Amino acid sequence: MTQSSETIPVAVIGVGRMGRHHARVYDELPQTQLLAVVDHDEERAETLADQHRCDALTSVDQLLEKYPQVQAVSIAVPTVHHHAVAEPLIRKGVACLIEKPLASTSADAEKIAELSESCGKLVQVGHTERFNPAVRAVMNLGVTPRFIEVDRVSPMTFRSLDIGVVMDMMIHDLDIVLTLANAAIRKVDAAGVSVLAEHEDIANA
């Protein structure tokens, strides 16, 4: 597989509902060369690899051994595995774009952040809503919000059952609100209910 000096060699770890979009975008970007997609489901990896003319692998170890030149990856595995998947990549000097939320616990999130800082390698969380053109336009207005109300309703997809709706969907709104407010939180009142899944799938805060 040839590589242009002007392209960044990349890979995608986890090619389920979100990871396949990362693979598609990397394949379309002229600045990147998609080396491989990695998924424990070999058939799923091979299917996507055929679409994007790249390699199909089943582990991070395989990726690092076969493609030591990889410079950046998207990590779109279930949230509970984010830290375990990211750690060997960061230690090898690979920049990581990690699907939100960064981790399933604050302790694991701090470990990833500390590892990124100690290794001097870039880690970005996939808060795509922050880069929504409408949100960016509001941020550029320079307004100081006095009151913000957010309602988000999404159909149950059963794709992220390892986390609740707060970490899966509300986290976008929390990120935008905190960015717009640009102030420390004084108090939180919240209630969540589990109706269909193990974690909360309805929440008010």
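None of the values given here were measured: they were computed from a predicted structure. One-based numbering along the sequence shown.
- Side-chain atoms of Thr7 and Thr32, non-hydrogen and from C-beta on, never get closer than 4.5 Å to each other.
- Between the His82 side chain and the Val77 main chain, a donor and an acceptor come within less than 3.5 Å of each other.
- For Gln62, the side chain to side chain donor-acceptor pair (under 3.5 Å) criterion is met by Thr58, not counting sequence neighbours.
- Going from atom SG of Cys119 over to atom CG of Leu89 covers 11.0 Å, rounded to the nearest 0.5 Å.
- Atoms CG and CD, from Leu35 and Gln71 in turn, are 9.5 Å apart once rounded to the nearest 0.5 Å.
- Distance alone, capped at 3.5 Å, is enough to place a donor-acceptor pair between the Asn140 side chain and the Arg136 backbone.
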Quick one: side chains of residues 169-181, donor-acceptor pairs under 3.5 Å with protein atoms, not counting sequence neighbours, listed by atom name and distance.
{"unit_1": "Asp173", "atom_1": "OD1", "unit_2": "Arg152", "atom_2": "NE", "d": "3.3"}
{"unit_1": "Asp173", "atom_1": "OD1", "unit_2": "Arg152", "atom_2": "NH2", "d": "3.0"}
{"unit_1": "Asp173", "atom_1": "OD2", "unit_2": "Arg152", "atom_2": "NE", "d": "2.8"}
{"unit_1": "Asp175", "atom_1": "OD1", "unit_2": "Arg130", "atom_2": "NH2", "d": "2.5"}
{"unit_1": "Asp175", "atom_1": "OD2", "unit_2": "Arg130", "atom_2": "NE", "d": "3.0"}
{"unit_1": "Asp175", "atom_1": "OD2", "unit_2": "Arg130", "atom_2": "NH2", "d": "3.4"}
{"unit_1": "Thr179", "atom_1": "OG1", "unit_2": "Asp175", "atom_2": "O", "d": "2.7"}

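- Judged by distance alone, the side chain of Ser116 and the main-chain N or O of Ile112 form no donor-acceptor pair under 3.5 Å.
- Residue Pro9 comes nearest to Gln69 through the heavy atom pair CG-O, 3.1 Å, listed as atom of the first residue, atom of the second, then distance.
- With values rounded to the nearest 0.5 angstrom, Glu46 atom CD is found 9.5 Å from Asp55 atom CG.
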Check: What's the verdict on side chain to side chain contact (heavy atoms under 4.5 Å, CB included) for Asp168 and Lys100, showing C-alpha distance, side-chain angles and the deciding distance?
Finding: CA-CA 7 Å; Asp168 184 33; Lys100 56 80 194 161; 3.2 Å; yes
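- By the 6.0 Å contact criterion, CD on Glu42 is open, its count of non-hydrogen atoms from other residues, nucleotides or ligands being 12 or less.
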Checklist line | Stepwise side chain to side chain contact (heavy atoms under 4.5 Å, CB included) test for Arg53 and Asp27 | finding: CA-CA 9 Å; Arg53 305 167 308 283; Asp27 189 26; 3.2 Å; yes
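- When the shell of 6.0 Å around CD of Glu65 is examined, it contains 12 or fewer heavy atoms from other residues, nucleotides or ligands.
- Taking both residues in full, the closest heavy atoms of Val70 and Ala11 are given as CG2-N, 4.2 Å, listed atom of the first, atom of the second, then distance.
- The closest side-chain heavy-atom distance from Leu97 to Val73 is not below 4.5 Å.
- Interatomic distance, CG of Leu34 versus CD of Gln51, reported as 11.5 Å (0.5 Å rounding).
- Of all non-hydrogen atoms in Ala36 and Leu57, the two that sit nearest each other are CB-CD1, 3.9 Å.
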Next item on the list: Applying side chain to side chain contact (heavy atoms under 4.5 Å, CB included), run through Gln33 and Val10 and close with a yes or a no.
Entry: CA-CA 6 Å; Gln33 180 199 15; Val10 300; over 6 Å; no
Item checked: Worked check of side chain to side chain contact (heavy atoms under 4.5 Å, CB included) between Val37 and Cys54 -> CA-CA 7 Å; Val37 292; Cys54 66; 4.1 Å; yes
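- Contact between Ala86 and Cys96 at its shortest, heavy atoms only, is O-SG, 4.5 Å.
- Sorted by first and then second residue, the salt bridge (charged side-chain N to carboxylate O under 4.0 Å, His left out) pairs with a member in residues 102-112 read Asp108-Lys111; sequence neighbours excluded.
- Taken together through direct or relayed side-chain contacts under 4.5 Å among Ile, Leu, Val, Met, Phe, Trp and Tyr, Val123 and Leu64 form part of one hydrophobic cluster.
- In this structure the side chain of Val12 never reaches within 4.5 angstrom of the side chain of Val38, judged on heavy atoms.
- Residues Ile148 and Val138 share a hydrophobic cluster, clusters being chains of Ile/Leu/Val/Met/Phe/Trp/Tyr side chains in contact below 4.5 Å.
- With a 4.5 Å cut-off on side-chain heavy atoms, Tyr26 and Ser74 count as touching.
- Using a 4.5 Å heavy-atom threshold, the side chains of Ile90 and Val94 count as separate.
- Counting only heavy atoms from C-beta outward, the side chains of Lys121 and Arg91 never approach each other to under 4.5 Å.
- No donor-acceptor distance shorter than 3.5 angstrom exists from the side chain of Arg24 to the backbone of Arg20, with no hydrogens or angles considered.
- Looking at every heavy atom in both residues, Glu200 comes nearest to Ala203 through CG-CB, 4.4 Å.
- The main-chain N or O of Val15 is found under 3.5 Å from a side-chain atom of Asp39 such that the two form a donor-acceptor pair.
- The shortest side-chain heavy-atom distance between Ile202 and Val195 falls under the 4.5 Å cut-off.
- Looking only at side-chain heavy atoms (C-beta outward), Val193 and Asp201 stay at 4.5 Å or farther from each other.
- Residues Gly14 and Ala76 share a closest heavy-atom pair of O-CB, 3.5 Å.
- Here the straight-line distance linking atom CE of Met139 with atom CG of Asn182 works out to 10.5 Å at 0.5 Å rounding.
- Follow the hydrophobic side-chain contacts under 4.5 Å out from Val80 and you never reach Val60; the two are in separate clusters.
- Considering NZ of Lys92 and CG of Leu63, their distance stands at 11.5 Å, rounded to 0.5 Å.
- Counting non-hydrogen atoms of other residues, nucleotides and ligands closer than 6.0 Å to CG of Asn204 gives a total of 12 or fewer.
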